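Heads up, the thing below is written out as structure tokens.
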Amino acid sequence: MLAVHLISFFFSKLQEDPTKKVDRFLHAMRLHDDQLIDISARFQAEMKKGLSAESSAAAAVKMLPTHVRSTPDGSEKGQFLALDLGGSKFKVLQVKVREGMGVRKGGVEMEEKIYPISKELLNGRAPELFDHVSKSLKDFLHVKNISLEKKHPLAFTFSFPCEQTRLDKGLLLSWSKNCRARGLQGKDVVQALREAIDRTGGMDIEVLAMVNDTVATMMTCGFDDQYCDVGLIIGTGTNVCYMEELRHVDLVEGDEGRMCVNTEWGGFGDDGALNDYITEFDQDVDATSINPGKQIFEKMVSGMYLGELVRLVVLKMTKLGQLFDGLVSDALMTKGKITTAHVAAMEEYKNGLKNTRDILVELGLNPSQDDCIAVQHVSTIVSFRSSNLVAAGLAAILTRIKQNRHLRALRITVGVDGTVYKTHPQYPKRLHKVVRRLLPECQVRFVLSDSGSSKGAALVTAVAQRLASRKRQVDETLAPFKLSQEQLQLVKATMRAGLEAGLKNKGPSAVKMLPSYVYHTPDGTEHGKYLALDLGGTNFRAMLVKFKKGLQNNTRLYHKIYTVPLEIMQGTGEELFDHLAQYVSDFLDYMGMKKAHLPAGFTFSFPCEQTAIDTGILVSWTKGFKATDCEGHDVVNLLREAIKRRNEYDLDIVAVVNDTVGTMMSCAYEDPQCEVGLIAGTGSNACYMEELKNIEKIRQKKQKTEGDEETPEAVEDKQDDGSKGDKKAETSETSRMCINTEWGGLGDDGSLDDIITPFDAEVDHNSVNPGKQRFEKLTSGMYLGEIVREVLLDLTRGGLLFRGRVTETLKTPGIFQTKYLSQIESDRLALLQVRSILQHLGLDSTCDDSIIVKEVCGAVSRRAAELCGAGMAAVVDKIRENRGLDHLNVTVGVDGALYKLHPHFSGILQETTRVLAPQCNVTFLPSEEGSGKGAALITAVARQK
Ligand code: 0WK
Ligand code: 0WK
Ligand code: BGC
Ligand code: BGC
């Protein structure tokens, strides 16, 4: 019975399809999808390790930053020499890149020459290897009649792992493939090439960029396909690069934009991550390689090793008697006798089997038909595993890109090069199929780099030149916004001079220094219910405030905001104040206090000449207001008349205050040390407690009134002469009054002309009050957006932005609201969101464009904050000197959307004040409830007299 079984087993054996025994023998190499998904997940973990600063040093997959920040956008141009070292062929090339105009794609012409490199050189000393490279370069110039005198920019493709700190500086981490020239590891490869070129002499070469072949391949394919964000090499070695979000590349500063990362995935598994997929044949290949323990993944995948893997498998099977009746040949036992080219030939569609027989015969073997089928199948399994492993790695890369960009489905192109991919008949199809099977939601296109990587290397250099020249031009454009310490010191001094001049009251002064008739900050005794009306920059606010004596933090207030339409802001004064009176009516209805006849404080955030707490002659509108018949009029009367015209409620307007004064009072209610008010909002202004003796206007007025004192009745008048300062307030020892500086006017006399840029001049020119409020127009929210727009316009006209396309949108005043600056400059906001803001504004932008837009916004807002800081330093230093103090502790009550909402403005302002007024310890206290409470406090003080 047993005999019968053995015979039928042998019979079946005999008949069995020879590939079956190979499948069994190599089952460990036949990876199916869940294993590939597992490998893909492991690789993703390795990528994270390589990218993060704390684990990158020990990471097996190095994830090397390449300092290539963008793929081609068609505007690259220039003529470059290129060296392509590290692949199977060393090439010297000349690459001419012609710029693309609009849709017409740019073109690239190339001339190349391959120069052999001997094994000795590859395994000798690095200087000799580089001498050979530079001598080949010189020969190329001769052969192609390229002048030796002219300076030639050169792009260097160097296909080994390098740690780059710049595009033209990279330390060799380790050799791989078949090269191990001594004396270069840990050294700067670009420097080594420059030294070799100097040693060869007789040519003027400027090595501008060194790139890995994967990067050059991505760029080459990116020239024609804007979706190409991945570069893949499956050649002698294997590797992949891709465009990573810069915020994930810890080793490079900055969060903006992207950077190409050379993964050096050949090292995947060097830390044992693939041990359960390593077969004995992989161990043999590694053990006999020039870099044992290194490049484990590469040794399972790339052309340098596939042939050897097949040889070792065939050798083992033969020794086990499963092939050639167990007869091995010397050639079969010799390393490298089966090459990857043999493997590719064995797998050719039609002639694969014939090629296999020829190759085996050549190896001194006598193969049977089944032997040939079996060996061909070994090649299939070995190269299939290679393409499967590459697919698993690619799936990890593409999944990461999809996640980085928060996409559900990804459309992407992979630029590919390398002899295995180019010459192995089945490889590309197998790879594409598995990638698409692993990532069904991704639309992946593979583009073969048809002319090697040097086009890409030249493009990297052209992009580097373009980015460098654009950066230079953008920096030049923004340089006037970058104020030096000296310039800021000067602004502080100019502001100080403006304050002094304004106090002197000798005729009109740029900084008006308007008395507010507020002599004291609150002392907590204020109590009662008040209505506060607040016409600021962007809207009108009505507010009911209740104070309980001595309970600072028990102020109850209700308010309602009304938006003042542009046509009312720029209509007639009557209309404007009728509108305000209507809003008040609506608010009193809303509060059910129509009949209350409340005392009211009116915050009027425009320059008003006051002669008493309840009078304010509007000097001039600012901030986009220009209602007629208001300037030169008492705004309190204008409001009273409007209320009278409504004839439905009545108010007792007791005080009119500037919003800076209101803000100071509001904050002083919390912090008695608050003696300065600052508004950094639609407008820009500050007030502070000045010594009465320094306020000429008041002194003169007092002298004038005191002059009249000789006569008894004069004394009488003083009692009720309208100058209704708060009696309690203005006592003999009353020494101070709050001055509304109206510092927005600094520079109206030309004192700021050295820092005013043409963009500022343009904004001022297009404003409703040209020549006025120059300091405000450099610092306040109403204008920053416009300054940015003017700069963007200029950069676009210069071809540096938005591909040089000046769209109607960009020419539209006011489109770039200051709130966009705050959004664009927030650190949390990735560039993508910046792009969507620009999109929303109808500006189609690239990654690079948004980096520049963010830089422009930063330069404009930083200058604004620094100028306000310089102004504030002047104010607090004046207070300190007024009081003859070496050191002053003071609080500044501050309000305004720019200060409160802009991510960096307040910090820069505070820092600038600290640096420019070192003898003042200034606390900035944002006002919680706006200036309304301040106005109510002033009203309370004014009423309690
Ligand atoms: C051709 C590229 C070169 C790259 C090579 C890789 O121009 O930069 O190194 O492909 O393939 P290999 O020649 O190693 O097969
Ligand atoms: C809120 C104050 C108001 C002031 C405004 C300034 O209550 O008096 O005018 O801040 O900020 P803006 O609204 O101009 O940003
Ligand atoms: C090198 C990589 C290179 C790849 C393909 C690997 O051995 O480490 O830098 O990109 O081969 O040429
Ligand atoms: C006005 C000031 C006001 C500032 C902030 C400026 O335009 O002239 O009176 O304080 O804006 O709102």
Side-chain angles (χ1 to χ4, degrees), residues 62 64 82-91 93 112 157-162 172-179 211-217 220 231-241 262-267 291 294-295 297-299 301-304 340 416-423 449 451-457 512 514 534-538 603-608 616 618-625 657-663 677-687 740-745 769 772-773 775-777 779-782 895-896 898 931:
K62 296 274 177 268
L64 301 169
L83 295 173
D84 182 353
L85 178 65
S88 54
K89 301 185 189 59
F90 162 50
K91 295 179 215 170
L93 309 90
E112 69 175 43
T157 302
F158 182 71
S159 312
F160 299 93
C162 288
L172 175 65
L173 288 177
S174 60
W175 285 112
S176 66
K177 292 172 280 191
N178 53 1
C179 188
V211 291
N212 183 264
D213 54 353
T214 54
V215 181
T217 299
T220 296
L232 169 66
I233 295 285
I234 312 165
T236 315
T238 183
N239 190 13
V240 70
C241 71
N262 164 15
T263 68
E264 285 296 338
W265 72 0
N291 53 352
K294 290 274 177 237
Q295 301 291 91
F297 182 77
E298 175 161 84
K299 287 167 182 167
V301 164
S302 78
M304 174 113 189
T340 301
V416 192
D417 204 335
T419 317
V420 174
Y421 183 91
K422 276 196 291 195
T423 62
S449 157
S451 54
S453 64
S454 294
K455 177 168 143 185
K512 300 181 182 58
L514 304 170
D534 180 351
L535 182 61
T538 44
T603 302
F604 188 75
S605 312
F606 302 89
C608 290
L618 175 61
V619 177
S620 60
W621 280 120
T622 64
K623 289 179 289 187
F625 273 73
V657 299
N658 182 263
D659 55 350
T660 53
V661 181
T663 298
L678 168 68
I679 295 288
T682 314
S684 170
N685 189 18
C687 71
N740 164 16
T741 66
E742 287 296 337
W743 75 7
N769 55 348
K772 291 269 175 281
Q773 299 290 96
F775 184 75
E776 176 163 80
K777 284 171 183 164
T779 58
S780 80
M782 172 125 199
D895 206 333
L898 195 51
S931 65

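Remember, it's 1-based here, ligands and their atoms both numbered in the order they're listed. Not measured: the values here are computed from a predicted model.
- What you find for Asn291 and Trp175 is that their closest heavy atoms are ND2-O, 4.2 Å.
- Set against the non-hydrogen atoms of Asn212, the atoms of ligand 3 under 4.0 Å away are 2 (C), 3 (C), 9 (O), 10 (O).
- Contacts of ligand 4 (protein heavy-atom distance under 4.0 Å) are Ser605, Phe606, Pro607, Thr622, Lys623, Asn658, Asp659, Thr660, Ile679, Gly683, Ser684, Asn685, Glu742, Gln773, Glu776.
- To the nearest 0.5 Å, atom CD of residue Glu264 and atom NZ of residue Lys62 are 9.0 Å apart.
- When only non-hydrogen protein atoms are considered, atom 1 (C) of ligand 1 lies nearest to Asp417 OD2, 3.4 Å.
- Of the heavy atoms in Ser88, both backbone and side-chain atoms come closer than 4.0 Å to ligand 1.
- When each atom of ligand 1 is checked for a heavy atom of Thr157 under 4.0 Å away, the hits are 8 (O).
- Each of the atoms 9 (O), 13 (O), 14 (O) of ligand 1 lies under 4.0 Å from some heavy atom of Gly87.
- Here Lys177 has no heavy atoms under 4.0 Å from ligand 1, in either its backbone or its side chain.
- In terms of modelled atom types and a separation under 3.5 Å, the side chain of Ser159 and the main chain of Gly86 share no donor-acceptor contact.
- Thr741 has its side chain within reach of Asn685: a pair of non-hydrogen atoms, C-beta onward, lies under 4.5 Å apart.
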task: Begin from the C-alpha positions of Val301 and Trp265 and carry the test side chain to side chain contact (heavy atoms under 4.5 Å, CB included) through to its verdict.
output: CA-CA 11 Å; Val301 164; Trp265 72 0; 5.9 Å; no
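- Between the side chains of Asp213 and Asn239, not a single donor N or O lies within less than 3.5 Å of an accepting N or O.
- Using bins of under 30°, 30° to 60° and over 60° for the plane-to-plane angle, the ring pair Trp621/Phe604 lands in the tilted bin.
- Two residues are said to be in side-chain contact when any heavy atoms from C-beta on lie closer than 4.5 Å; Ser176 and Glu298 meet this criterion.
- When each atom of ligand 1 is checked for a heavy atom of Ser453 under 4.0 Å away, the hits are 2 (C), 3 (C), 7 (O), 8 (O).
- For ligand 3, the polar-atom distance check finds an N/O of Glu264 within less than 3.5 Å of one of the ligand's N/O atoms.
- Looking only at protein heavy atoms, the nearest one to atom 15 (O) of ligand 1 is Thr419 OG1, 2.4 Å.
- The shortest non-hydrogen separation linking Asp659 to Ser931 is O-CB, 3.6 Å.
- In summary, the atoms of ligand 3 found under 4.0 Å from a heavy atom of Ser176, numbered by their order in the structure, are 1 (C), 6 (C), 7 (O), 8 (O).
- For ligand 1, the atoms lying closer than 4.0 Å to a non-hydrogen atom of Gly452 are 7 (O).
- In terms of heavy-atom proximity, Thr157 sits nearest to Ala457 at OG1-CB, 3.3 Å.
- No more than 12 heavy atoms of other residues, nucleotides or ligands shown are found within 6.0 angstrom of NZ on Lys294.
- Within ligand 1, counting atoms from 1 as listed, the ones closer than 4.0 Å to a heavy atom of Gly235 are 11 (O), 12 (P), 14 (O), 15 (O).
- If you look at Ile233 next to ligand 1, the close heavy atoms, those under 4.0 Å, all belong to the side chain.
- Two residues are said to be in side-chain contact when any heavy atoms from C-beta on lie closer than 4.5 Å; Leu64 and Leu173 meet this criterion.
- Protein heavy atom nearest atom 9 (O) of ligand 1, with residue, atom name and distance: Asp213 OD2, 2.6 Å.
- Heavy-atom contacts of Thr236 reach the following atoms of ligand 1: 12 (P), 14 (O), 15 (O) (cutoff under 4.0 Å).
- Looking from atom 11 (O) of ligand 1 to the surrounding protein, the closest heavy atom is Gly418 CA, 3.2 Å.
- Annotation: Thr214 places no N or O atom under 3.5 Å from an N or O atom of ligand 3; distance criterion only.
- The salt bridge (Lys or Arg N to Asp or Glu O under 4.0 Å) test with Asp417 is passed by exactly one of Lys455, Lys89, Lys422: Lys422.
- Using the six-membered ring where Trp is involved, Phe160 and Phe158 have ring planes that are tilted, between 30° and 60° apart.
- Near Lys91, meaning under 4.0 Å from one of its heavy atoms, ligand 1 places the atoms 7 (O).
- Near Ser159, the atoms of ligand 1 lying under 4.0 angstrom from a non-hydrogen atom of the residue are 9 (O).
- In this structure, the side chains of Met782 and Thr622 stay at 4.5 Å or more apart for every pair of heavy atoms.
- Among protein heavy atoms, atom 7 (O) of ligand 1 sits closest to Asp84 OD2, 2.5 Å.
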